[in-house]
Amino acid sequence: MVYLLSVAVFGGLAIVLSGVLIVAERFLVNYGICKLDINAGEKPLEVQGGQTLLAALYANEIFIPSACGGKGSCGHCKITVPNGGGPVLPTELSYLSRQEVRANVRLACQVKIREDIFVRIPDEMLNVKLFGAEVEYAAMLTHDIRELRMRLKEPAQISQRPGQYAQIEASSPDGPVYRAYSISSPSYESDVIELMVRLVPGGVGSTYLHNLKVGDSVSFTGPYGEFYLNEDPSVEIICVGGGCGMAPMKNIIYTLYSRWPDRSCWLFFGCRTTDDVFYLKQFQQLAQKHPNFHVVYALSDESNGDGQWEGERGFIHLAVDKKLKTGVERQAFLCGPPPMIEAVTRVLEEKGVQAGDIFYDKF
Ligand SMILES: Cc1cc2nc3c(=O)[nH]c(=O)nc-3n(C[C@H](O)[C@H](O)[C@H](O)COP(=O)(O)OP(=O)(O)OC[C@H]3O[C@@H](n4cnc5c(N)ncnc54)[C@H](O)[C@@H]3O)c2cc1C
Ligand code: FES
């Protein structure tokens, strides 16, 4: 009894003390103006101390990927902080490998600026811009996936690679939130971006995008993402996805065939029922023009389709296993829920695809 009482007293004291420290830091500690040095003098800034590194960079139009909007739950905002970042926080450790910790990689949303700070940011990230756009077209692809096309206003052009994504600013009662969406329009369309958005019940970003109307204004930053399509035309490209995982695949496939009309590429698309099937006719037409393009859709609900379904049946990794031969040099891009990614990765590795040639976005 005495033991339980002392645990409760000490626990309570610890909570009160940490609360006092947070309030004191918020209202009493003034870190003043701090120097923020980017890439050893390339872009010296002066910023108000006390804010996060992510917020200070954003205020100076340096946009670091931050799919969770700075909550510390996506691990996307990694940058190198050689000096002035303070100790690595427990909240960062689940996203950083030991090697990254040794190399001073940090999560920008968790680093608070308390003194002069030195950071290294790759040139590609320094080129990410804030865009203003207008919704030009919107339509439902399935019962819960909406396609949106936005015409760029300012700047009027974007340079994006297949596999990259944009961070949309969505308004919510608690202020703006930022969410990542893959760009589905091909790279050669530089004056628009298209997205495919699945409605997450109660989700702030997806509800906002599902409610936008033609003519509405949208802000986003981008492009983000480090996927590079293999430039060697003899390397076969494998795309495997499900649901709105179609978005990056569509960009990859149309960009690919605008550059290499004879290139070999497989699209594997997993659906539960025929209600989840979209873009099939469009890809079949593309395959007629490009005989080395192979389109495989599979229904995982074995009883669905009423005998009318001519595609594959079962989970999509089974179709990958059935259709692909071994001994071909390949690069693969997978996009969908984690169990699908894991099952397909195992099959591809059995087919001889190197782990370094398999890229994925889990969502
Ligand atoms: C690199 C990248 C690319 C992405 N591309 C796309 C894309 O092309 N199309 C697309 O639709 N989404 C994409 N996403 C996911 C997208 O960023 C959002 O996470 C998603 O739309 C949910 O955001 P929300 O604001 O609507 O939900 P939130 O308000 O963030 O979440 C609301 C509730 O739903 C839960 N939840 C969040 N996400 C999911 C989910 N996927 N399934 C089930 N429950 C969930 C949360 O835990 C929470 O309880 C991508 C994510 C990343 C990291
Ligand atoms: S922005 Fe998501 S972890 Fe930092």
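Numbering starts at 1 and runs along the sequence shown.
Using a distance-only test at 3.5 Å, with no hydrogens or angles considered, no donor-acceptor pair links the side chain of S66 to the main chain of G69. Judged purely by atom type and a 3.5 angstrom limit, Q331 uses its side chain to pair as donor or acceptor with the backbone of N230. A donor-acceptor pair under 3.5 Å links the side-chain atoms of S187 to the main chain of Q160, judged by distance alone. Distance alone, capped at 3.5 Å, places no donor-acceptor pair between the D216 side chain and the L212 backbone. A donor-acceptor contact shorter than 3.5 Å links the side chain of N251 to the backbone of I183. With hydrogens and angles disregarded, no donor-acceptor distance shorter than 3.5 Å links the side chain of D191 to the backbone of R151. For R146 (side chain) and L209 (main-chain N/O), a donor-acceptor pair under 3.5 Å exists by modelled atom type. When atom types are taken as modelled, the side chain of D361 and the backbone of C335 share no donor-acceptor pair closer than 3.5 angstrom.
Using a 4.5 Å heavy-atom cutoff, the side chains of I79 and L53 are in contact. Under the 4.5 Å side-chain criterion, counting only non-hydrogen atoms from C-beta, I62 is in contact with L126. Side-chain contact between L286 and Y254 is present, with at least one heavy-atom pair separated by less than 4.5 Å. Q110 is not listed as a side-chain neighbour of C77, based on a closest heavy-atom distance of 4.5 Å or more. Between K322 and E312 the shortest side-chain heavy-atom distance falls below 4.5 Å. Side chains of H210 and L148 form no contact here, defined as non-hydrogen atoms less than 4.5 Å apart. Within the 4.5 Å cutoff, no side-chain heavy atoms of D262 are placed close to those of H290. Side-chain contact between W260 and E231: present, with at least one pair of heavy atoms (C-beta onward) separated by less than 4.5 Å.
The distance from atom CG of D357 to atom CZ of R330, rounded to the nearest 0.5 Å, is 11.5 Å. We find the NZ-CD distance between K78 and E100 to be 3.5 Å, quoted to the nearest 0.5 Å. Atoms CD and CG, on E310 and L280 in that order, are 9.5 Å from each other to the nearest 0.5 Å. Rounding to the nearest 0.5 Å gives a distance of 4.0 Å between CD of E92 and CZ of R106. Separation of atoms CG (L229) and CD1 (I237) is listed at 4.5 Å; rounding is to 0.5 Å. Summarising the geometry, atom NZ belonging to K250 is positioned 14.0 Å from atom SG belonging to C244; distances are rounded to the nearest 0.5 Å.
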| query | Could you walk me through whether R263 and V235 pass the side-chain contact (heavy atoms from CB on, under 4.5 Å) check? | reply | CA-CA 8 Å; R263 195 150 174 184; V235 173; 3.8 Å; yes
| task | Check step by step if side-chain contact (heavy atoms from CB on, under 4.5 Å) holds for L93 and V101. | result | CA-CA 8 Å; L93 285 174; V101 172; 4.2 Å; yes
| task | Any chance you could lay out the side-chain contact (heavy atoms from CB on, under 4.5 Å) test for V347 and L324, step after step, and finish with the verdict? | result | CA-CA 10 Å; V347 171; L324 293 186; over 6 Å; no
| task | Assess whether side-chain contact (heavy atoms from CB on, under 4.5 Å) is satisfied between F131 and I193, documenting all intermediate values. | result | CA-CA 11 Å; F131 289 85; I193 64 159; over 6 Å; no
| request: Starting from the C-alpha separation in whole Å, work towards a yes-or-no answer on ring pair (Phe, Tyr, Trp, His ring centres under 6.0 Å) for Y178 and F63. | output: CA-CA 12 Å; Y178 301 89; F63 305 110; 9.1 Å; no
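The same ILVMFWY cluster, assembled from side-chain heavy atoms under 4.5 Å apart, contains both L152 and M150. One hydrophobic cluster, built from ILVMFWY side chains closer than 4.5 Å, cannot hold both L267 and M340; they sit in different ones. I38 and Y58 are members of different hydrophobic clusters when ILVMFWY side chains are connected at heavy-atom separations under 4.5 Å. Tracing side-chain contacts under 4.5 Å through hydrophobic residues (I, L, V, M, F, W, Y), one never reaches Y297 starting from W266; they form parts of separate clusters. The hydrophobic cluster containing W309 also contains F269, counting ILVMFWY residues as joined when their side-chain heavy atoms lie under 4.5 angstrom apart, directly or transitively.
Among V47, V81, L45, the one residue that satisfies the side chain to side chain contact (heavy atoms under 4.5 Å, CB included) test with I117 is V81.
Minimum interatomic distance between V214 and A138 (heavy atoms only, all atoms of both residues): CG2-N, 4.4 Å. Across all their heavy atoms, S206 and R198 have their closest contact at CB-O, 3.3 Å. The minimum heavy-atom distance linking S185 with E194 is given by the pair OG-N, 2.9 Å. Minimum interatomic distance between Y224 and I64 (heavy atoms only, all atoms of both residues): CE2-C, 3.7 Å. Closest non-hydrogen pair, F283 versus F293, comes out as O-CE2, 3.6 Å. Closest of all the heavy-atom pairs between T142 and F278 is CG2-CD2, 3.4 Å.
If you look at F359 and F333, their ring centroids are not closer than 6.0 Å.
At most 12 heavy atoms of other shown residues, nucleotides or ligands fall within 6.0 angstrom of atom CD in Q354. Within 6.0 Å of atom CD in E349, more than 12 heavy atoms from other residues, nucleotides or ligands are found, so the atom counts as buried in its surroundings. No more than 12 heavy atoms of other residues, nucleotides or ligands sit less than 6.0 Å from atom CZ of F315.
A salt bridge between K325 and E236 is absent, with no side-chain N of the basic residue lying under 4.0 Å from a carboxylate O of the acidic one.
Y279 and E147 share a donor-acceptor pair across their side chains, judged by distance under 3.5 Å alone. Residues S234 and D232 bring a donor and an acceptor atom of their side chains to less than 3.5 Å of each other. S184 and Y181 share no donor-acceptor pair across their side chains, judged by distance under 3.5 Å alone.
In this structure, R161 forms a cation-pi arrangement with Y228, its terminal cationic atom sitting closer than 6.0 Å to the ring centre and no more than 45° off the ring axis.
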